[in-house]
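Not measured: the values here are computed from a predicted model.
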Amino acid sequence: MQAPSVGGVMLPRGNGETVRLSRGASLTDFAEKINANPASLVAVMMNLGEMVTATQSVSDETLQLLADEMNYTVQIVSPEEEDRELLESFDIEFGEDEGDEGDLVVRPPVVTVMGHVDHGKTRLLDAIRKTNVIAGEAGGITQHIGAYQVATEVNDEERKITFIDTPGHEAFTAMRARGARSTDIAILVVAANDGVMPQTVEALNHAKAADVPIVVAVNKIDVEGADPTKVRGQLTEYGLVAEEYGGDTMFVDISAKQGLNIDSLLEAVILTADASLDLRANPHQDAQGISIESRLDRGRGAVSTVLVQRGTLRVGDTMVVGDAYGRVRAMHDDNGNSVAEAGPSTPVQVLGLTNVPGAGDNFLVVDEDRTARQIAEKRAARERNAAFAKRTRRVSLEDLDKVLKAGEIQQLNLIIKGDASGSVEALESSLLQLDVGEEVDIRVLHRGVGAVTESDIDLAMGSDAIVIGFNVRAAGRAAQMAEREGVDVRYYSVIYQAIEEIEAALKGMLKPEYEEVELGTAEIREVFKSSKLGNIAGVLIRSGEVKRNTKARLIRDGKVVAESLNIEGLRRFKDDVTEIREGFEGGINLGNFNDIKVDDVIATYEMREKPRA
């Protein structure tokens, strides 16, 4: 097979060599790897029926298509690998514990509470922390993730435990999975009266995928119908065998509402950690860890809750979190108290970042502000390219004309603003998964943390977008501007409502589907001739009812002989009527259609809009 040529110029053809490219790479990036002219690769893509510019971020599928044509193997570098290579270019190692054995100290276990919605996860944390979190949650659903540290006494020794609170609603699957990855131990909450539910299994799978030990809290033992033994039996099917049954999983029967056996649960966590894990870290080095949650505070700017996983974070350190960076101005613990430093497994709120990082972004402390800025900028550029590639709609030359015609493909543009990065991410993920067929496309033009601003309204005006405010409102003149310009801004505090309303809007954009509904049938008993109206059928209504101005078809000897006829006239004796019901006689005029005979059947119907599933 010959090497592909464009305009008589032979292109370099590979022998199956692997080309490593990052997500959202362009044809120019590909060309650099194989020493080719980017313009020639654009021409190759046109020959393949793809309209792509040289500098445009393209999808993984497009890169694969081009690689196959050029006889190369393309390898899309994972985000984690990309990040590792980026940090290595700055001589930074992430995630590797350093130092001698003598430098390592015991650290508190990091625990995630998981389970089915409504099984009492937040109430359990509430009981543990002795404060009421649930009262502040819209609809009783945890909307954010946070981290809290508590102390308990085990064998006359005070031990600390760090809890990561992950939301329970199914829309937060990604956040919950990320919570499990930053966790040492998972507490699986199962209601004794409900037993194992779908999200219980999902949470269990996340914990197993993260390879973390599980402690089962059988909650609501004080409720009527509670059966802790049944829960133990059900979980045996999923590989969690209670210690009393000869297994190695600790089950603790609790009542979060009554505060029963909470100390026993905390002791079970510590015992499981001591038995299964070697939880030690080096506090004498630069801090590294993970961002749990971030939000934009009007008075304090970007506020990020971070979990230190190794080293010690101090006020004044320069840190980079995802694509945000800055010098730590202040730190607060989960009770709002100022702290000067935070060691391994300690959650703190950090102030001083340039912007709001994403939930689950890694953070690290670096020596210089310049290094932090360069890492953050490269990460931001990488994410931007990946987002552009994801948004790119693949259009072939054959259907380009069809796509450009107005109305062929409809699109709902959205701008999502929320009070916390995790909530915004979860809402975007849920909306993009809505399935309403291929006729309508949903596109998130922008998402961010903070109030709805004038620039959001400007973007919405230029793109006919709907603005969604999740637990935030329009700031300053933005509300007046939206009202003046007719921009649709919708506010939500519960994720269910947002998903349901946007789904309804998407279904409203679909072209209506109609179905035929039979109204009635009439048997022709006699044919009357009228010089003015033509032939008139004297009929007996056999079924249903016949209405004036509806559609009809004529059936003769069981075969349809005429379609799309109109019931233009309808009479009972000498009176004009709008309908004749089953069992009554009357006269029907089919307008200009006169080919009717005795014993013919007139079947009437109407087209009704079919509701979307």
Side-chain angles (χ1 to χ4, degrees), residues 23-24 57 59-61 76 78-79 114-118 138-139 141-145 166-181 197-206 209 293 358-361 383-384 386-394 409-449 463 465-471 488 490-511 513 611-613:
R23 294 173 306 155
S57 293
S59 66
D60 298 353
E61 292 80 12
I76 305 300
S78 70
M114 305 173 113
H116 190 75
V117 68
D118 254 0
I141 307 162
T142 309
Q143 306 278 358
H144 299 167
I145 58 177
T166 59
H169 184 273
E170 63 184 358
F172 293 88
T173 301
M175 292 163 66
R176 192 158 58 248
R178 195 151 43 206
R181 283 203 294 272
M197 302 289 273
Q199 282 183 334
T200 312
V201 178
E202 182 191 328
L204 179 60
N205 290 337
H206 283 316
E293 179 56 292
D361 283 346
E383 288 299 321
R384 200 161 48 243
F388 282 143
K390 195 176 175 183
R391 280 209 301 257
T392 302
R393 188 179 190 90
R394 290 183 65 183
I409 289 180
Q410 298 191 59
Q411 185 167 273
L412 179 64
N413 293 327
L414 296 175
I415 295 167
I416 303 175
K417 296 299 287 286
D419 60 338
S421 53
S423 302
V424 172
E425 182 182 324
L427 181 55
E428 180 190 29
S429 172
S430 298
L431 293 175
L432 291 176
Q433 287 172 17
L434 289 176
D435 182 19
V436 286
E438 296 179 1
E439 296 172 54
V440 178
D441 190 26
I442 187 168
R443 185 180 177 195
V444 177
L445 300 180
H446 171 65
R447 62 169 182 164
V449 175
S463 55
I466 292 173
V467 182
I468 295 177
F470 190 71
N471 283 331
D488 188 5
R490 294 170 181 252
Y491 301 109
Y492 302 97
S493 59
V494 176
I495 200 168
Y496 296 117
Q497 295 172 350
I499 296 168
E500 285 171 6
E501 286 197 19
I502 297 302
E503 185 173 18
L506 279 169
K507 288 179 177 177
M509 290 178 71
L510 296 173
K511 293 175 185 173
E513 289 182 359
R612 293 274 177 182

Within-4.5 Å side-chain heavy-atom neighbours: E425 and R447:
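They are in side-chain contact.
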Side-chain heavy-atom pair T200, M197 within 4.5 angstrom cut-off
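In short, these two side chains touch, coming nearer than 4.5 Å.
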Minimum-distance pair of heavy atoms, taken over all atoms of [X] and [Y]:
X	Y	answer
V424	G448	CG2-O, 3.6 Å
G115	A203	N-CB, 3.8 Å
I499	S430	CD1-CB, 3.6 Å
Y492	I468	CD1-CG2, 3.7 Å
A420	V449	C-CG2, 3.9 Å
A498	L427	CB-CD1, 3.9 Å

Rounded to the nearest 0.5 Å, what separates atom [atom1] in [X] from atom [atom2] in [Y]?
X	Y	atom1	atom2	result
F470	Q497	CZ	CD	9.5 Å
E503	Q433	CD	CD	12.0 Å
L434	I502	CG	CD1	8.5 Å

Considering residues at least two apart in sequence or located in another chain, which fulfil the side-chain contact (heavy atoms from CB on, under 4.5 Å) criterion with D488?
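By the side-chain contact (heavy atoms from CB on, under 4.5 Å) rule, D488 matches I466, R490.
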Mind checking what makes side chain to side chain donor-acceptor pair (under 3.5 Å) contact with S421, not counting sequence neighbours?
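Applying side chain to side chain donor-acceptor pair (under 3.5 Å) to S421 gives E293.
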Please check if the side chain of S429 supplies one atom and the backbone of A426 the other of a donor-acceptor pair under 3.5 Å.
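No; judged by distance alone, with no hydrogens or angles, the pair does not exist.
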So if I apply the side-chain contact (heavy atoms from CB on, under 4.5 Å) rule between V444 and each of I415, I416, N413, which one comes out positive?
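Looking at I415, I416, N413, the match for V444 under the side-chain contact (heavy atoms from CB on, under 4.5 Å) is I416.
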